[in-house]
Amino acid sequence: MPHDLSLLDTALAAYPRAALLEGPTPIQKLSRLSQLPEMNGCNLYVKRDDLTGLGGGGNKLRKLELLLGEALAEGADTLVTWGGFQSNHARLTAAVAARHGLACELILTPSAVRTDDDFCHNGNVLLDALFGATIHRLQRGVTPDSYAAELVERLKHQGKTPFVMPLGGSSPRGSLGYAACAAEVLRQADDLKVHFDRIIVPNGSAGTHSGLLAGVTLARSSTKIVGYSVLATEEQATATTLEKTRQTLQLLAPSSSLAESAVQVDGSQRGEAYGAPTDAMLEAVRLLASREGLLTDPVYGGKAFAGLLAAVRAGKYPSGSNLLFVMTGGIPGIFAYRNAFD
Ligand SMILES: *Cc1c(COP(=O)(O)O)cnc(C)c1O
């Protein structure tokens with residue numbers, strides 16, 4: 001029986017959304033990887049959210065569809081957000097602003113673990129400037145949210161109407177973009193006649209994980225969502241994801257509930273810190289590239305794919321399991337991590 005997505009579709013339709021994607025992103029099977037004996041008979045698939053068309057693509061565009069919808073409804077003329085120098089969210093916010101004729105102010109914070117020239121000037125931050133964003137590079141120790149509050153006051157004083165987005169665009173509204181993605185995946189699963197046992201995602205600011213989990217919960221699907229935390233510890237990321245999923249569900253169906261046990265976060269791949277390369281990440285990026293011709297980034301996708309590989313190799317999933325890995329983009333990050341791959 002196909003999924004009944006009417007509840008989810010109707011609930012999502014209540015929120016303004018500015019179209020930034022060209023349509024559903026493809027789901028593809030990783031045939032060459034799945035054939036390897038070490039995959040223990042699991043069928044690996046990818047959801048190509050790296051193929052979203054604007055600004056180099058990536059998962060943030062799905063959240064930005066909702067956030068831009070909200071911003072335009074409020075009459076905003078300036079998008080304000082923050083992140084690290086290699087923030088994909090900042091880069092895509094800048095691209096979206098360019099596309100829609102809005103101004104963009106990006107507050108970028110230095111990394112605790114990467115200070116080389118490629119990291120500070122190549123990859124995403126190079127593209128931010130091409131998209132015409134105004135960039136505020138913070139000194140170490142300055143907190144971006146307090147800087148943002150002052151910047152917003154300055155902009156208002158100049159007669160502008162700023163719209164502020166949180167880290168990663170992961171407000172409950174932004175996360176709705178991934179609840180919509182859950183509906184998209186379930187429709188594609190019906191068309192492909194494949195039941196996905198698990199959907200595997202990187203978990204950073206947790207909006208991607210939370211949105212997908214809210215979506216499958218409302219659709220009463222048995223597909224489980226597994227997130228690999230790359231930013232917070234497993235315990236923190238679990239708590240944040242539970243709270244964000246509940247807030248997102250609240251927007252869609254105020255009477256719905258979510259069991260704590262539905263939140264599955266694995267912290268084993270984070271390594272020393274956010275953005276710090278790990279051997280498993282390097283191996284995962286190389287394997288996907290050399291065996292399937294596909295690119296994942298060193299900060300998010302590489303670590304999450306490393307987690308999926310470790311679980312599959314350890315025989316954690318029965319033979320015949322269908323596992324869908326969400327490719328979230330972030331490819332400019334590869335150029336910022338050149339010396340990690342050397
Ligand atoms: C932001 C990001 C993620 C994580 O998404 P969250 O919603 O912040 O958890 C994953 N992959 C890439 C490439 C990203 O830029």
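This one's a predicted model, so the numbers in the text were calculated from it and none came from an experiment. Side chains included, hydrogens not; waters and symmetry mates left out as well; all remaining heavy atoms used. Just follow the structure's listing: the first ligand is 1, and inside any ligand the first atom is 1.
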With heavy atoms of [X] as the reference, note each atom of ligand 1 found under 4.0 Å away.
X      : value
Pro202 : 10 (C)
Gly330 : 13 (C)
Asn203 : 9 (O)
Lys63  : 6 (P), 7 (O), 8 (O)
Ser170 : 7 (O)
Asn88  : 13 (C), 14 (C), 15 (O)
Gly329 : 13 (C)

Does the N or O separation between [X] and ligand 1 drop below 3.5 Å for any pair?
X      : result
Thr208 : yes
His89  : no
Tyr300 : no
Gly207 : yes
Ala206 : yes

Answer yes or no for Lys60 and Tyr300: cation-pi contact, defined as NZ/CZ to six-membered ring centre under 6.0 Å and angle to ring axis within 45°.
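Lys60 over Tyr300 ring: yes.
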Any idea which protein heavy atom is nearest [atom], and the distance to it?
atom                    : answer
atom 8 (O) of ligand 1  : Ser205 OG, 2.5 Å
atom 11 (N) of ligand 1 : Thr328 OG1, 2.6 Å
atom 14 (C) of ligand 1 : Lys60 NZ, 2.9 Å

More than 12 foreign heavy atoms under 6.0 Å from [atom1] of [X]: is that the case here?
X      : atom1 : value
Glu272 : CD    : no
Arg338 : CZ    : no
Glu283 : CD    : yes

Would [X] end up clustered with [Y] when hydrophobic side chains under 4.5 Å apart are linked, directly or stepwise?
X      : Y      : value
Leu287 : Leu44  : yes
Phe85  : Tyr147 : yes
Leu323 : Val216 : no
Met39  : Leu324 : no

Is the closest heavy atom of Gly58 to ligand 1 under 4.0 Å?
no
If you measure from each non-hydrogen atom of [X] to ligand 1, which part falls under 4.0 Å: side chain, backbone, both or neither?
X      : result
His209 : neither
Asn59  : side chain
Asp297 : side chain

Ser146 side chain to Thr143 side chain, donor-acceptor N/O pair below 3.5 angstrom
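Judged by distance alone, the side chains do pair up.
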Are the side chain of Arg32 and the backbone of Arg291 linked by a donor-acceptor contact shorter than 3.5 Å?
yes
Test item: Ser87 side-chain N/O and His89 main-chain N/O as donor-acceptor pair under 3.5 Å
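Between the backbone of His89 and the side chain of Ser87 there is a qualifying donor-acceptor contact (under 3.5 Å).
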Would you please test Thr233 and Gln236 for side-chain hydrogen bond (donor to acceptor under 3.5 Å, both in side chains) and show each step?
CA-CA 5 Å; Thr233 62; Gln236 290 165 332; 3.2 Å; yes
